[in-house]
Amino acid sequence: MINNSRLNVEEYNFEGKNIEEPPVQKKPNKFLKILNSKRVVPYVFVLPFIISFLILTLYPAIQAFVMSFQRILPGQVTFIGFQNYERIFNPSFFKALTNTTIYTISTVVVLVSVPIILAILLDSKFVKFKTLFRSALFIPSLTSVVVAGIIFRLVFAESESSIANQIIGIFGVDPVSWQYTGWSGMLLMVLIASWRWMGVNILYFLAGLQNIPKEIYESAEIDGANIFQRFRHITLPFLKPIIIFVTTISIIGGFRVFEESYVLWQGNSPGNIGLTLVGYLYQEGIQQNDLGFGSAIGVIVLILIFIVSILYLFLTGGFKRGDE
Amino acid sequence: MKKKNNTVAKWILNIIFAIVAFIALFPLIGLIISSFRPSTELMRNGITFSINWNELSLNNYIYIFTQAGEYWEWYGNSLIISGLTIILSLFFSSMVGYSLATYNFKGRNLIFLFVLVIIMIPFEVLMLPLYQLMIDTRLIDTFTGIMLPLIVSPTAVFFFRQYAIGLPKELMDAARIDGCTEYGIFFKIMAPLMLPSFAAMAILQGLHSWNNFLWPLLVVRSNDLFTLPIGLATLLTPYGNNYDILIAGAVMTVIPIVILFAFFQRYFVAGLSTGGVKG
């Protein structure tokens, strides 16, 4: 293959310059010639990526570990061993860890189960206006988290005439100050994320459903399989790779949660009800300007994400290729 | 009997989806309606079911168009940053993706592996060292600093590579015989063939940049560099008296995007389902 292409280049040089066309008047610059050789060109094309990888990913990745062992003051950096890590395991961190875990589990459950059901229903031949419904569900993903925060703060406002309090009022429940109560604060964060990401996940599952041959359903129906048996034994196994994919990105996204919390409380929630791991990193690293300690939190977050997603992929067989 | 069952199922399913679609759109509808309500009343009561139709007015919009210069400054900044990000990131990412797809060269697989690894690394972990780097290089509080991490996007590289793999390689050979340089082949022949992928990635990168929050929150310090999300977030205080700007401003941040979506739905779907990794 490589030999072939080299041959081609020579042929082209030979034919192109000496026989078919009149000799080129301007002698091509040697540097330009090298720059245009098929050997060099691919590297020129990937150069921006290599530079950005080295400066904006590899260097910060190494720095994140290095900084987590340092005390960083302007113009004065000292190596302090594991001191940052020794400080980490404090009540605020555990509060953040608990909140992040609850948030991750809730968003994974909601953002996997509901989109599967909606995608399957949407895929049915009985639904008219498919594109319209799909678009409607997709539109929330166009909003920024800040706008979503503005909306949800207003829908879940403290006043008893706000929509959320009106709805619970129907069931005789007293108005709740949603943003300042532990469980409802978490609920708001999960709702914001679910509202914004539902449509995108439905798209993933819809794409997966396209791959299931319709004949399998037909023959199962002839064999007398009911709708739940068909779901359990045909749809789910075919969707498994997509379920694993969506769950994995939701787990990673869950551990990274910060913005949903920030738009509700600007980084300072009452009693830390909305403190997340990245929120704690932001508080310590940026607000308190303790970059070393912040980096140590970052390293812990990275390790957590790594362990949880690897564990999940192992348990579900996500590493195996093909079917079983 | 069977036919009757089907009609019932049809009705039930369509009603379910009408309700689901309404729930999905309700927050935005509520936002738009509320933007016509007096801001003080909105701040006190939040978004409500009961609407006092006599109260609705264009006052919030009149205020934002006549009094709120800073809002338009944020708007301009967001437009400039998103526009530049789209141009630069499409230019660089498409070259990289194209090269990975069409050339055979040493290290290609390694580079592609790096692309995939970067997609998986959470930005939040790299954020503090990058922040420090921006301080050291004096890029903190500049447009360049805001845009830099988005310029070579691994997601876009991945998307362009997948797209370019399907391009007819015979065209490249034919162009070479005609004396076209390798760069000419890309810019004049192959890139135009990749147009649909450019559209999808322009939308992904543009939307990402328009809505980007966490990184600008770290990098931007001076008011005149605020982007829309950062600016709006500063108004989000419980004691805020700027709810007029907040609510009308939020509407005007989202609506242009929704209109674009109505026209370029296909590309939105293609772009966002690749870049769907949260963030």
Side-chain angles (χ1 to χ4, degrees), chain A residues 2 12 16 36 38 41-42 45-46 48-49 52-53 56-57 60-61 63-64 67 118 121 124 126-128 133 135-137 139-147 150-151 154-155 157 159 161-163 166 195 200 203-204 249 252-253 256 258-259 263 278 285-286 291 294-295 298 301-302 305, chain B residues 9-10 13-14 17 20-21 24-25 27 30-31 34 44-49 92 95-96 98-99 103-105 111 114 118 122 124-126 128-130 132 149 151-152 157 176-177 179 181-182 211 213-214 218 229 232-233 236 246 250 253-254 257-258 261 265 269 272-273 276-279:
Chain A
I2 293 170
Y12 141 70
N36 191 38
K38 258 182 92 177
V41 168
F45 278 142
V46 294
F49 175 78
S52 114
F53 172 71
L56 300 174
T57 306
Q63 267 304 96
M67 282 162 70
L118 288 179
L121 293 179
S124 121
F126 295 132
V127 179
K128 277 187 164 188
F133 289 139
S135 309
L137 288 164
I139 284 178
S141 65
L142 306 174
T143 58
S144 76
V145 71
V146 176
V147 172
I150 295 171
I151 298 172
L154 290 170
V155 169
S159 115
S161 50
S162 77
I163 284 181
Q166 289 281 309
W195 180 65
V200 176
L203 286 186
Y204 288 128
I249 59 170
I252 296 175
R256 294 170 57 183
F258 167 71
E259 299 177 339
V263 295
V278 175
I286 303 293
L291 288 167
S295 298
V301 172
L302 185 68
I305 289 180
Chain B
K10 216 184 235 170
L13 268 181
N14 284 298
F17 272 104
V20 170
L25 292 182
L31 177 78
S34 305
R44 201 170 340 112
N45 292 329
I47 295 180
T48 53
F49 277 125
F92 289 123
M95 286 196 329
V96 179
Y98 164 80
S99 175
Y103 291 100
N104 243 321
F105 57 97
I111 292 176
F114 285 148
I118 302 180
E124 290 76 2
V125 176
L126 308 179
L128 293 183
L130 274 175
Q132 176 81 61
I151 283 183
V152 187
V157 169
R176 276 180 200 125
I177 292 168
T181 65
E182 298 293 324
N211 289 341
F213 185 63
L214 179 54
L218 302 197
L232 287 176
L236 267 179
L246 188 71
T253 312
V254 186
I257 311 286
V258 175
F261 172 71
Q265 236 190 85
V269 170
L272 284 174
S273 43
V277 185
K278 278 188 65 174

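Throughout, a chain's letter reflects where its sequence line sits, starting with A, and its residues are numbered from 1.
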The interface call for Pro122(B) against chain A, heavy-atom contacts under 4.5 Å, is both
Report yes if the side chains of Phe261(B) and Ile139(A) come closer than 4.5 Å at any heavy-atom pair, otherwise no.
yes
Looking at Asn211(B) and Val145(A), would you say the former's side chain and the latter's main chain have a donor-acceptor pair under 3.5 Å?
no
Show the nearest heavy-atom pair for residues Pro140(A) and Ala24(B), with the distance to one decimal.
CG-O, 3.6 Å
Give, for atom CG of Leu25(B) and atom CG of Leu137(A), the distance between the pair rounded to the nearest 0.5 Å.
7.5 Å
Flag the one option from Ser161(A), Gly298(A), Ser295(A), Gly285(A) with the top tally of heavy-atom pairs under 4.5 Å to chain B.
Ser161(A)
OG1 of Thr253(B) to CD1 of Ile150(A), rounded to nearest 0.5 Å, is 7.5 Å
So how far is it from Phe49(A) CZ to Ile118(B) CD1, rounded to the nearest 0.5 Å?
4.0 Å
Would you check, one step at a time, whether the test side chain to side chain contact (heavy atoms under 4.5 Å, CB included) holds for Val20(B) with Phe133(A)?
CA-CA 8 Å; Val20(B) 170; Phe133(A) 289 139; over 6 Å; no
Between Asn14(B) (side chain) and Phe126(A) (backbone), is there a donor-acceptor pair under 3.5 Å?
yes
Ranked by heavy-atom pairs below 4.5 Å to chain A, first place among Leu130(B), Val157(B), Val258(B) goes to Leu130(B)
Among the options Ala64(A), Ser52(A), Ser135(A), pick out the one with the most heavy-atom pairs lying under 4.5 Å from chain B.
Ser135(A)
Which residue out of Pro229(B), Gly46(B), Pro27(B), Ala250(B) racks up the most heavy-atom pairs below 4.5 Å with chain A?
Pro27(B)
Dump the intermediate steps for side chain to side chain contact (heavy atoms under 4.5 Å, CB included) on Ile286(A) and Leu128(B), then the final yes or no.
CA-CA 8 Å; Ile286(A) 303 293; Leu128(B) 293 183; 3.5 Å; yes
Residues Leu31(B), Val147(A); criterion side chain to side chain contact (heavy atoms under 4.5 Å, CB included); working and verdict
CA-CA 9 Å; Leu31(B) 177 78; Val147(A) 172; 4.1 Å; yes
Where on Glu182(B) is there a heavy atom nearer than 4.5 Å to chain A: the side chain, the backbone, both, or neither?
both
When rounded to the nearest 0.5 angstrom, what distance separates CD1 in Ile47(B) from CD in Gln166(A)?
13.5 Å
If we only count heavy atoms from C-beta on, is the Ile305(A) to Val125(B) side-chain gap below 4.5 Å?
no
Once you measure the plane-to-plane angle for Phe45(A) and Tyr103(B), does it fall in the parallel (<30°), tilted (30-60°) or perpendicular (>60°) bin?
tilted
Report the C-alpha separation of Val46(A) and Phe105(B) in whole Å, then their side-chain angles, then the decisive distance to 0.1 Å, and conclude whether the side chain to side chain contact (heavy atoms under 4.5 Å, CB included) test is met.
CA-CA 11 Å; Val46(A) 294; Phe105(B) 57 97; 4.1 Å; yes
Quick check on Val254(B) against chain A: is it the side chain, the backbone, both or neither that has a heavy atom closer than 4.5 Å?
side chain
Pairs of heavy atoms under 4.5 Å with chain B: top-ranked of Ala157(A), Ser144(A), Gly294(A)
Ser144(A)
To the nearest 0.5 Å, tell me how far Glu124(B) CD sits from Ile252(A) CD1.
11.0 Å
Chain B contact via Val278(A) - which portion, at a heavy-atom distance below 4.5 Å:
side chain
Which region of Leu218(B), side chain (C-beta onward) or backbone (N, CA, C, O), has a non-hydrogen atom less than 4.5 Å from a non-hydrogen atom of chain A, or is it both or neither?
side chain
Which value, rounded to the nearest 0.5 Å, describes the distance between Leu13(B) atom CG and Ser124(A) atom OG?
4.5 Å
In terms of heavy-atom proximity below 4.5 Å to chain B, should Leu203(A) be classed as side chain, backbone, both, or neither?
side chain
